Visitor: 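Pasting a structure here, questions to come.
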Amino acid sequence: MPKDHGIGASVKRREDIRFLTGTGNYTDDITIHGQAYAVFVRSNVAHGRIVSVGAEAAKGMPGVLAVFTGEDFKDVGGNPAGWLIKSRNGEAMREPKRPVLAHGKVRHVGDAYAAVIAQSYNEAKTAAQAISDASVIEELPAIVDMRQALADTSNRVHDELPDNECFDWGWIEDNRAKVDEAIKSAPHVTTLNLINNRLVPNAMEPRASIGEYFPGTGDYKLTTTSQNPHLTRLLVAAFVLGIPENKLTVVAPDVGGGFGSKIYHYGEEALVLAAAKKLKRAVKWTAERSESFLTDAHGRDHVTKIELACDLEGNFIAFRTETMANVGAYLSNFATVTPTFLHGTLMAGPYKVPNVYVNVKTVFTNTAPVDAYRGAGRPEATYSLERVVDKMCRELGLDPFEVRRKNFLTPDMFPYTTPVGLAYDTGNYHATLDKAIQLGDVAGFEARRAASAAKGKLRGLGLSTWIEACGIAPSNLVGILGARVGLYDAATVRVNATGNVSVMVGAHSHGQSHETVFAQIVGAMFGIPEGSIEIVHGDTSKIPFGMGSYGSRSLAVCGQAMANACDKVIAKGKKIAAHMLEANEGEILFSDGVFSVSGTNRSKTFGEIAFSAYVPHNYPLATLEPGLEETAFYDPANFTYPAGAYICEVEVDPDTGKVDIASFTCADDFGNVMNPMVVEGQVHGGVVQGIGQALLELGVYDENGQLLTGSYMDYAMPRADDVPFVTVDHSCSTPCTHNALGVKGCGEAGAIGSPPAVVNAVLDALNRAGKKIDHIDMPLTPSRVWSAMNA
Amino acid sequence: MIDFEFVKPLTVADAVKALAAEGAQALSGGQTLTPTMKQRLATPSVLVSLNGIAAMRGVSVSGGTVTVGAATTHATVAREATAYPALAALAGGIGDMAVRNRGTMGGSLANNDPAACYPSAVLGSGATVVTNTRSIAADDFFQGMFTTALEEGEIITAVSFPVPLKAAYVKFNQPASRFALTGVFVAKFADGVRVAVTGASNNGVFRWSEAEAALSASFSAAAIAGLVVPSDDMIADMHGTAAYRANLVKVLTGRAVTAA
Ligand SMILES: Cc1cc2nc3c(=O)[nH]c(=O)nc-3n(C[C@H](O)[C@H](O)[C@H](O)COP(=O)(O)OP(=O)(O)OC[C@H]3O[C@@H](n4cnc5c(N)ncnc54)[C@H](O)[C@@H]3O)c2cc1C
């Protein structure tokens with residue numbers, strides 16, 4: 001029988017009981033007595049000068065309580081960028097202010113320039129429309145295309161800047177000359193121009209916030225959909241509104257997905273707090289789906305040229321990329337690190353390539369802000385690399401499996417510092433590739449291809465061997481690189497008097513199963529039932545100062561903090577046990593929930609020790625405090641480096657260009673696995689998102705900056721019948737060397753590794769059918785595939 | 001959504017009377033109208049539900065004709081129009097279960113979305129659209145995107161389909177909405193073949209007369225192999241170029257003939 005509890009068991013998710021029975025508690029489920037409703041007045045044009053805001057129009061309308069405009073916030077702070085990037089010439093990036101409400105100019109469709117608070121949602125909405133109708137906004141030409149944005153300095157998203165560039169970053173600048181030289185003298189160079197398509201995050205739960213103010217104490221409370229409540233508190237309190245941090249509680253209750261988009265602080269959160277203070281009543285805002293499309297931070301949106309230099313046997317000599325990355329109209333909190341340190345540093349892949357240089361120019365445009373979205377920079381790096389490797393293989397007539405094998409780093413080479421500055425600690429890329437080949441039955445491909453051909457379908461096989469850096473991140477290192485925050489995490493483990501345990505963690509699940517998996521770890525460490533352990537998260541008044549969930553960091557960083565706090569509890573328990581058992585501390589052993597004296601049958605259970613810590617009648621009070629509660633902050637020594645090999649098989653209908661995914665196989669190295677079922681779920685979800693990016697999803701603005709894909713009528717999300725059963729394996733594990741749990745992180749892997757596997761498979765199918773097609777930009781819609789075949 | 005009055009008459013006559021009120025609009029399945037109201041793009045002051053009118057619901061068969069009440073849901077048509085399998089299959093492929101359980105044939109035809117499925121069945125079958133005042137031949141009913149022969153306040157009460165010898169509808173999904181990026185309905189009658197295309201043209205649902213002629217001579221996919229579909233009037237958008245839609249018209253027509 002498989003294990004049903006403890007580390008490595010596929011324990012069923014305790015969260016599902018409430019999520020699947022409609023008894024979850026999301027922000028919009030909460031109604032505060034006397035609550036009023038906020039509706040934002042949003043720009044209909046992409047770029048415009050605000051001549052006048054028709055706030056007067058709402059005065060006296062039914063239910064209207066207050067109207068706010070950009071004028072009300074012009075003297076408070078802006079929502080800051082969390083990471084300072086320097087350009088190649090040493091200049092600091094440009095950081096235009098991102099106000100709570102637009103002032104002077106509107107800079108993207110959906111940019112809020114006023115807000116109405118009313119007794120009811122409907123009244124607020126009607127008043128918002130009246131304000132919109134009464135406002136005068138002089139439309140300016142929209143800046144949408146990145147190339148044009150860089151070329152035309154006369155039309156600028158931010159008038160105070162000299163042009164539309166945020167920064168021009170080189171990584172590593174010192175590599176540049178050597179890489180240029182290596183490419184010039186290489187026997188073969190493959191060049192590929194590609195677009196990493198803009199994605200809309202589409203969390204199932206739209207963003208929502210409730211602001212409260214308590215006049216008696218001057219305290220504020222923000223209930224909001226956040227992956228990162230402490231960071232939101234820091235930003236909204238200290239940077240934007242100037243509220244003392246200790247006077248603001250931020251609570252993120254159940255969060256229905258985020259994919260990155262809920263890491264950040266948004267202006268709506270500041271607005272509901274300011275409005276609550278002014279009105280002395282709670283103010284709620286819940287986004288409509290169309291607002292989510294227009295204002296949630298989008299993902300990706302890179303235009304890249306990548307060159308791969310190699311010898312004629314396919315041994316890599318150099319990679320060089322030039323990328324334009326769209327940051328949209330304002331800098332979202334991590335918009336500047338995503339296309340740089342989360343992207344450029346991964347550009348060596350799992351390969352022993354000696355020369356790599358990455359150039360990224362980030363560009364302001366009149367579009368929604370762009371920031372980290374599941375994978376954040378690493379999918380973009382992986383896509384560029386894995387696509388150009390396949391193109392090179394076609395050009396030189398080489399086998400894509402063999403080329404990867406001969407270029408992989410080998411296990412004996414770790415620790416290994418890449419030419420783009422990361423220090424990989426461990427991995428076995430040959431093992432995961434071999435595993436994927438076996439599970440994906442590559443040997444049987446020809447037979448399947450013949451069977452497809454007999455049905456008139458073109459079958460292709462695509463490979464992607466990916467690596468990422470997650471478990472974000474060592475604060476020392478990221479500080480040197482420009483981070484304005486630390487990236488440790490924290491946990492408090494409180495053993496209660498009756499022996500059950502409350503664990504307060506800084507990570508915040510928005511779907512990842514922390515409540516289940518974290519309890520498995522604590523249960524195993526303490527030797528107590530998982531059912532007696534509660535995971536508390538998402539409330540700054542309860543948890544230690546943590547940095548939230550993103551970058552596949554929850555387990556590798558916060559989980560390790562929690563394990564360290566458990567170790568401290570055990571250490572203290574040993575001291576208590578030593579006293580009670582009249583032994584030396586050094587003689588006390590702890591296992592399976594029992595403290596015992598080595599070599600004797602004298603022992604105390606975990607529960608007995610907890611009880612005596614809180615009822616300290618026979619207790620070493622002179623040397624030990626009562627209570628059994630410990631906190632640990634943990635700052636990782638390095639990133640973690642999950643890696644894997646993905647194989648995708650597709651069938652293409654040559655008459656319609658429609659791509660069907662026939663099979664998808666993942667062999668991943670996530671280090672030690674705590675709950676295989678949860679890991680599989682994470683990979684399934686990530687792969688489905690990657691398939692979405694590869695085949696379906698595209699955020700498109702027209703030349704006037706109108707979002708053409710502003711609803712599900714035009715934005716294609718993957719549905720169950722768009723995706724195959726995904727085969728997931730994580731048996732080729734090389735435990736992380738620098739955290740005690742030996743874990744790496746699995747949350748983003750699927751979304752990182754899958755898009756190039758899908759696209760490579762489609763191109764393989766077309767090329768096998770005699771169509772010399774090197775590239776089709778994602779998403780590979782039927783129309784695009786058919787058009788490429790019939791060009 | 002802004003406030004409105006709601007009435008649910010039991011007869012067509014009462015519905016017609018209610019629709020005469022200022023700002024009144026018919027509500028059938030609400031699968032198009034309610035989202036539009038939520039976006040405040042439609043702001044009727046009175047909603048006249050047609051769902052209480054028993055005479056407008058259900059599928060009946062008489063001789064070679066299948067008649068569908070205009071307020072019959074897609075799910076009911078899918079289940080009960082067994083006498084006209086191609087029509088039942090089309091209804092079963094509209095939207096998802098929730099949409100099929102509410103959406104109705106009358107609502108779909110009155111709306112005449114250029115990517116809707118039913119218009120191709122009605123035009124492809126040479127059906128008759130029956131209203132509270134008259135009977136309208138399919139060829140006269142559809143007048144371009146979102147435009148029909150209906151007069152202000154006129155209610156579709158039923159649609160009569162002559163059952164062909166063979167028929168099939170083949171729909172190619174628009175990837176996001178899963179409406180028809182292009183859909184083709186082919187029906188073979190004793191006196192000839194009708195081919196109606198939805199989703200493809202800037203002018204809404206249309207008959208592809210060259211294919212009708214070729215298929216009337218020989219009902220096989222090969223019969224249309226030599227035909228070229230001009231792309232001039234085809235819709236071009238992010239989901240498909242005009243040339244792509246023109247290609248789909250031909251590919252799907254061939255598949256529909258084979259499936260019929
Ligand atoms: C998610 C989703 C997916 C869908 N997918 C598809 C699809 O794949 N294919 C497809 O064809 N459709 C699809 N639809 C549309 C669906 O079929 C709708 O049911 C249909 O378009 C409208 O029918 P209804 O009964 O809901 O009409 P309503 O929304 O109630 O009304 C639509 C319009 O018709 C008018 N009207 C309604 N009944 C009558 C009548 N008897 N006489 C005169 N006027 C009338 C109303 O006043 C209104 O203007 C989809 C809809 C949704 C929401």
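Every heavy atom of this structure was used, including side-chain atoms; hydrogens, water molecules and symmetry mates were not. All figures in this text were calculated on a predicted structure; none of them were measured in a lab. Proteins get letters first, then strands, A, B, ... in listed order; numbering begins at 1 in each.
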Visitor: Quick one: CE on A:Met713 to NE2 on B:His239, what's the gap to the nearest 0.5 Å?
Guide: 8.5 Å

Visitor: What's the shortest heavy-atom distance between A:Asp655 and B:Asn247, and which atoms?
Guide: O-ND2, 2.9 Å

Visitor: For chain B, find which of A:Thr781, A:Thr656, A:Asp722, A:Asn790 contributes the most heavy-atom pairs closer than 4.5 angstrom.
Guide: A:Thr656

Visitor: Look only at the side chain of A:Asn122 and the backbone of B:Met1, and say whether a donor-acceptor pair between them is shorter than 3.5 Å.
Guide: yes

Visitor: Return the option, out of B:Lys250, B:Arg255, B:Arg40, with the maximum number of heavy-atom pairs under 4.5 Å with chain A.
Guide: B:Arg40

Visitor: If the contact rule is any heavy atom under 4.5 Å from chain B, which residues of residues 691-700 of chain A qualify, in numerical order?
Guide: A:Leu696, A:Val700

Visitor: Check for a donor-acceptor pair, side chain of A:Asp714 on one end and backbone N or O of B:Ala176 on the other, with a separation under 3.5 Å.
Guide: no

Visitor: Decide if atom CD of A:Gln148 counts as having more than 12 heavy atoms of other residues, nucleotides or ligands within a radius under 6.0 Å.
Guide: no

Visitor: So, A:Arg719 and B:Asp96, do they make that salt bridge, N to O below 4.0 Å?
Guide: no

Visitor: What part of A:Asp702 is in contact with chain B, defined as an atom under 4.5 angstrom from a non-hydrogen atom: side chain, backbone, both or neither?
Guide: neither

Visitor: Between A:Thr126 and chain B, with a heavy-atom cut-off of 4.5 Å, which part of the residue counts as in contact: side chain, backbone, both or neither?
Guide: both

Visitor: Give the member of A:Gly657, A:Ser783, A:Ser787, A:Pro718 that has the highest number of heavy-atom pairs under 4.5 Å with chain B.
Guide: A:Ser783

Visitor: How long is the gap from NZ on A:Lys658 to CG on B:Asn173, to the nearest 0.5 Å?
Guide: 8.0 Å

Visitor: B:Gln174 versus chain A, heavy atoms under 4.5 Å apart: side chain, backbone, both or neither?
Guide: side chain

Visitor: Does any backbone or side-chain atom of B:Arg245 lie under 4.5 Å from a heavy atom of chain A? Answer side chain, backbone, both or neither.
Guide: neither

